[in-house]
Amino acid sequence: MPDNKYSNKSLEKEEKLWLLVGMGYTAEEALTAMDKCGPDTQIAELTDFIYAAELEKELDVCIRELPDEEDEKSYSHPRNLEFLSNKKRKLYKDEKQGSRGLWRSSKKQECGTERRIYIPNPMIGFCDPDESWPIVERKLPEAAKRLPYFYYENVALTPQGVWSKISRFLYDIEPEFVDSVYFCACARKRGYIHNLPIHNRFPLTPRPPRTIQEAIPWTKKWWPSWDGRTTLDCIHTKSGSAKLAERIRQALEEYDGEPEPPRHVQTYVLAECRKWNLVWVGRNKVAPIEPNEMEMLMGFPRNHTRGGGVCNGDRYTALGNSFQVDTVAYHLSVLKEQFPNGINVLSLFSGIGGAEVALHRLGIPLKNVVSVEISEVNRNIVRGWWKETNQCGNLIEIADVQEVTWDKLEQYVSSFGGFDLLIGGSPCNNLSGRNRVSRVGLEGEHSSLFYEYFRILDLVKCIMG
DNA sequence: ATCAACATGAGTTTTTAT
DNA sequence: ATAAAAACTCATGTTGAT
């Protein structure tokens with residue numbers, strides 16, 4: 001019986017080894033890395049180490065083959081070689097900065113085993129939100145059917161190979177890519193990996209507005225005819241500057257006497273409005289949407305993130321990082337008839353409680369919710385909501401995913417009989433297109449916390465049998 | 001097939017204000 | 001000192017033309 005597999009220190013090593021082998025490394029590579037890096041090294045660091053070793057081996061091959069190599073496009077082109085050397089140096093100097101892009105592209109040709117993930121267009125997911133029946137039949141792998149229900153989320157448009165890797169970890173389940181613009185008035189292109197049934201889904205009611213004009217009607221008065229937007233782009237964590245709004249106002253005022261500004265001014269203004277999700281709040285006046293409006297668009301109750309010492313900057317950050325509630329609730333709606341007496345939830349990277357709010361709005365009673373969230377401000381928001389909505393169940397708060405250990409989980413499972421749903425989206429900082437500085441992929445400083453999601457899912461699976 | 005032009009991001013770093 | 005505002009950014013996929 002593998003009951004105590006994780007409970008003592010010497011066997012933690014076995015878990016890490018198993019994890020790394022699951023990631024596609026050889027046992028030899030994994031053992032060497034664990035040997036050299038020490039027993040307390042995190043998975044992301046170990047993968048970086050293996051990557052660096054791999055790269056060095058590749059480099060040696062390149063250098064040896066250089067005299068014969070004439071092809072300009074080859075990796076042994078002097079410029080690329082210089083790049084590789086820099087990269088290698090950088091990796092050894094700063095192990096956090098590991099980017100696997102090059103490794104993937106050169107490796108792919110070699111073995112060609114990486115399953116390609118196709119992102120659908122339109123990004124509608126498995127079901128049309130106006131129907132309860134799937135538009136595609138999906139075959140869930142057998143292993144995935146034996147797990148507790150889980151739901152994982154991240155940005156859809158990642159660097160290459162990220163989703164195929166996430167999918168490989170999460171039991172080869174095909175991601176469901178959905179743009180929340182089919183549920184509300186703002187875009188939100190996200191991928192979801194889950195083992196929930198997909199028949200008999202239903203949307204939250206009332207259905208949220210689907211256009212800017214319905215969602216923020218008072219902007220209609222000032223909306224110029226040449227701004228054809230009917231929906232907003234993705235809501236993110238920062239808002240446009242007042243200086244920009246001022247520049248736009250000045251650019252437009254020059255043409256006040258004319259029916260509309262010239263083409264090039266329209267193009268400039270529209271590009272900035274799209275980039276920063278600006279709306280029309282007065283004559284020639286644009287402004288970023290406000291936190292209350294973001295709450296409404298994202299499906300949260302009014303003032304969900306307001307008050308209790310939460311400043312505006314925190315509200316923008318928290319809301320920009322959150323689930324779109326209607327979208328997630330549509331996927332979770334299938335749980336309602338299965339759990340009429342309520343569910344136990346393990347919520348990782350909870351943020352402002354998008355999952356909890358979605359379940360609550362579906363009318364699914366929350367029995368025990370273990371909520372893991374690093375930000376104190378966000379934990380306060382969730383706790384405030386929990387009290388305000390008079391929840392009958394227990395809310396257990398944990399600050400750091402690393403504190404979620406075998407012992408703690410086993411204790412929860414024995415006290416309330418197991419988790420019915422594990423839900424969460426791991427950080428996308430190193431995956432998002434907004435990031436021009438450290439979009440280094442899944443192994444990045446923040447995004448590698450995905451492996452914590454996987455670790456905890458795997459623990460829950462083992463504990464619950 | 002190939003290519004350029006275009007659309008689109010749950011961001012990070014530096015400077016300024018309080 | 002900390003918080004807000006402003007400045008600074010590019011990989012990736014689509015489209016439509018040769």
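Chain letters run A, B, ... following the sequence lines, proteins first and then strands; every chain starts at 1.
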Heavy atoms from C-beta onward define the side chain here; which of B:dA10, C:dT12, B:dT8 lies closest to that of A:Asn321? B:dA10
Charged N to carboxylate O under 4.0 angstrom, A:Asp130 versus A:Arg207? yes
Does this structure show an ion pair linking A:Glu246 with A:Arg249, if we count only N-O contacts that are shorter than 4.0 Å? yes
Please classify the nucleic acid contact of A:Cys428 as base, sugar-phosphate, or nothing, using heavy-atom distances under 4.0 Å. base
Any N/O donor-acceptor pair, A:Arg274 side-chain to B:dG9 base, under 3.5 Å: no
Could you check whether A:Ala242 gets within reach of a base, just the sugar-phosphate, or nothing at all, counting any heavy atom under 4.0 Å? sugar-phosphate
Output the single nucleotide from C:dT9, C:dG13, C:dA7 whose closest atom is nearest the side chain of A:Gln160. C:dG13
Rounded to the nearest Å, what distance is computed from the CG atom of residue A:Asn430 to the P atom of nucleotide C:dC10? 16 Å
Between B:dG11, C:dA11, C:dT15, which one does the side chain of A:Asn435 approach most closely? B:dG11
For the C1' atoms, the ones on C:dT9 and on B:dT8, what distance do you get once it is rounded to whole angstrom? 14 Å
Nearest to the A:Arg436 side chain among C:dA7, B:dA10, C:dT9, which nucleotide is it? C:dT9
Measure from NZ on A:Lys238 to P on B:dT12 and round the result to the nearest Å. 7 Å
Between A:Cys311 and A:Arg434, which is nearer to the 5' end of DNA chain C once each is assigned its nearest nucleotide? A:Cys311
Side-chain atoms of A:Asn429 come closest, of C:dA7, C:dA4, B:dG11, to B:dG11
Report yes if at least one side-chain N or O of A:Arg190 is closer than 4.0 Å to OP1 or OP2 of B:dA10; otherwise report no. yes
For A:Gly425, which contact category applies under a 4.0 Å heavy-atom criterion: base, sugar-phosphate, or nothing? base
Mind calculating the distance between CD (A:Glu290) and P (C:dA4) to the nearest angstrom? 15 Å
Rounded to the nearest Å, what distance is computed from the CH2 atom of residue A:Trp163 to the P atom of nucleotide C:dT12? 16 Å
Identity of whatever pairs with C:dT9 - Watson-Crick or G-U, under 3.5 angstrom: none
Check for me whether A:Arg434 meets the cation-pi criterion with A:Trp276, that is, NZ or CZ under 6.0 Å from the six-membered ring centre and within 45 degrees of the ring axis. yes
Separation of B:dT8 atom P from A:Arg188 atom CZ, nearest Å, is 16 Å
When you check the phosphate oxygens OP1 and OP2 of B:dA10, does a side-chain N or O of A:Ser322 lie under 4.0 Å from one of them? no
When we call it a touch if two heavy atoms are under 4.0 Å apart, what does A:Glu153 touch: a base, just sugar-phosphate, or nothing? base
Want to settle it: does A:Asp314 or A:Arg247 sit nearer the 5' end of DNA chain C, counting the closest nucleotide to each? A:Asp314
What is the nucleic acid contact for A:Ser447, judged by heavy atoms within less than 4.0 Å: base, sugar-phosphate only, or nothing? nothing
Any A:Tyr453 side-chain heavy atom under 4.5 Å of A:Phe169 side chain: no
Please check the phosphate of C:dA5 (OP1 and OP2 only) for any side-chain N or O of A:Ser241 closer than 4.0 Å. no
Between B:dT12, B:dT8, C:dA7, which one does the side chain of A:Val437 approach most closely? B:dT12
Taken to the nearest whole Å, CG/A:Leu449 to P/B:dA10 is 18 Å
Stepwise salt bridge (charged side-chain N to carboxylate O under 4.0 Å, His left out) test for A:Glu176 and A:Arg190: CA-CA 8 Å; A:Glu176 177 169 16; A:Arg190 294 293 180 274; over 6 Å; no
Closest listed nucleotide, where the reference is the side chain of A:Pro159 and the choices are B:dG11, B:dG9, C:dT12: C:dT12
Ion pair A:Glu443/A:Lys165, N-O distance below 4.0 Å: yes
Salt bridge (charged side-chain N to carboxylate O under 4.0 Å, His left out) between A:Lys139 and A:Glu174, intermediate numbers included: CA-CA 9 Å; A:Lys139 280 173 286 174; A:Glu174 178 195 354; over 6 Å; no
For A:Tyr316 and B:dG9, give me the distance from atom OH to atom P, rounded to whole Å. 18 Å
Quick one: label A:Lys189 by what it contacts on the DNA or RNA (base, sugar-phosphate, nothing), any heavy atom closer than 4.0 Å. sugar-phosphate
Just to confirm, is there a sub-4.0 Å distance from OP1 or OP2 of C:dA4 to any side-chain nitrogen or oxygen of A:Arg315? no
Quick check for you: among B:dA10, C:dA7, C:dT15, whose closest atom lies nearest to any side-chain atom of A:Asn121? C:dT15
Taking B:dT14 as the reference, what is the distance to C:dC10 when you measure between their P atoms (whole Å, please)? 14 Å
Whole-Å distance separating the CD atom of A:Glu272 from the C1' atom of B:dA7: 14 Å
